[in-house]
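So the structure is just underneath, and the comments pick up after that.
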Amino acid sequence: TWGAEDGVGPAPNKNTCVAFMRQYCDPAYQARLMTMQMDSAAENKKQVVAGFLIVRPPVAFLGWGWESGDEKWDDIFLLQVGEPQGYCAEATPGVFERTYTQGTARLDCNAWAADLPFPSLAQHGDHYYL
């Protein structure tokens, strides 16, 4: 799926969250390429990243497409999630999660809230260690 004019696909939002997550949690999507539109709005950023981590296949991109620039950078991209330990699961109706070696990403579509309990390279001060 390609986004309008920018080369990336849709992301979950407050209104589409449950339907989006149920669609992309289908294991068949793990064999496809995914490109997802990032949302820079503070009230949506964490939820979009959680949604991405929960449904992403092995080859995936989260960003803004061709017009991406340094001014859009956010330290949320420095999360160190590790390797996925399984696929997306709907833990309870409307609450999705996926476990990685460094923690479990959760997206509660009912409350439009996310939990990303992962270490971040941003926590190492001014230097990023890759």
Side-chain angles (χ1 to χ4, degrees):
T1 304
W2 294 99
E5 300 178 49
D6 60 10
V8 292
N13 63 51
K14 193 173 186 175
N15 298 319
T16 66
C17 188
V18 172
F20 178 94
M21 296 301 290
R22 285 180 178 156
Q23 176 183 348
Y24 287 95
C25 277
D26 182 332
Y29 278 90
Q30 290 296 305
R32 298 181 181 184
L33 165 73
M34 172 180 269
T35 62
M36 185 183 285
Q37 174 74 37
M38 181 57 183
D39 189 332
S40 297
E43 66 272 13
N44 299 323
K45 176 175 46 177
K46 193 172 177 182
Q47 292 87 333
V48 170
V49 171
F52 175 78
L53 289 172
I54 293 166
V55 302
R56 67 157 296 179
V59 179
F61 170 81
L62 174 64
W64 292 273
W66 64 268
E67 80 282 2
S68 186
D70 289 345
E71 72 280 358
K72 293 185 177 186
W73 175 257
D74 192 287
D75 283 350
I76 199 163
F77 292 124
L78 297 173
L79 291 177
Q80 301 299 293
V81 301
E83 297 289 326
Q85 301 299 293
Y87 297 118
C88 171
E90 189 170 1
T92 59
V95 180
F96 300 85
E97 61 185 34
R98 186 176 190 183
T99 300
Y100 284 80
T101 52
Q102 298 296 319
T104 299
R106 286 185 190 85
L107 178 58
D108 181 342
C109 292
N110 305 312
W112 190 235
D115 186 26
L116 297 169
F118 302 105
S120 172
L121 289 175
Q123 295 169 348
H124 295 291
D126 294 337
H127 304 328
Y128 300 129
Y129 301 96
L130 301 177

Does the side chain of [X] reach to within under 4.5 Å of the side chain of [Y], using non-hydrogen atoms?
X	Y	value
Met36	Val55	yes
Met34	Pro57	yes
Pro84	Arg98	yes
Glu90	Arg22	yes

Do any N or O atoms from the side chain of [X] and from the backbone of [Y] form a donor-acceptor pair under 3.5 angstrom?
X	Y	value
Gln102	Gly82	no
Thr101	Glu83	yes
Thr99	Thr104	no

> Trp112 and Asn44: side chain to side chain contact (heavy atoms under 4.5 Å, CB included), yes or no, with the steps?
Replying inline: CA-CA 8 Å; Trp112 190 235; Asn44 299 323; 3.0 Å; yes
>> Is it true that, when you exclude Gln85 itself, more than 12 heavy atoms of the residues, nucleotides or ligands shown sit nearer than 6.0 Å to its CD?
In response: yes
Taking all non-hydrogen atoms of both residues into account, name the closest pair between [X] and [Y] and its distance.
X	Y	answer
Cys88	Phe96	SG-CD2, 4.1 Å
Pro93	Asn110	O-ND2, 2.9 Å
Ala114	Leu107	CB-CD1, 4.2 Å
Ile54	Cys25	CG2-SG, 4.5 Å
Phe118	Ala105	CZ-N, 3.6 Å
Pro58	Gln30	CD-O, 3.2 Å

In Å and rounded to the nearest 0.5 Å, what is the [atom1] to [atom2] distance from [X] to [Y]?
X	Y	atom1	atom2	result
Tyr87	Arg56	OH	CZ	12.5 Å
Phe77	Lys45	CZ	NZ	9.0 Å
Thr92	Asp108	OG1	CG	7.0 Å

> Taking only residues two or more places apart in sequence or in another chain, which ones pass ring-ring contact (aromatic ring centres under 6.0 Å, His included) with Phe52?
Replying inline: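 Counting only residues at least two positions away or on another chain, Phe52 forms no ring-ring contact (aromatic ring centres under 6.0 Å, His included).
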> Can you list the steps and then say if Val49 with Met38 is a side chain to side chain contact (heavy atoms under 4.5 Å, CB included)?
Replying inline: CA-CA 8 Å; Val49 171; Met38 181 57 183; 3.7 Å; yes
> Between Tyr29 and Tyr24, how do the two ring planes meet: parallel, tilted or perpendicular, split at 30° and 60°?
Replying inline: tilted
> Among Asn13, Val18, Thr16, Val95, which residue meets the side-chain contact (heavy atoms from CB on, under 4.5 Å) test with Cys109?
Replying inline: Val18
>> side chain to side chain contact (heavy atoms under 4.5 Å, CB included), that's the test. Do Leu62 and Leu53 meet it? Break it down for me.
In response: CA-CA 10 Å; Leu62 174 64; Leu53 289 172; over 6 Å; no
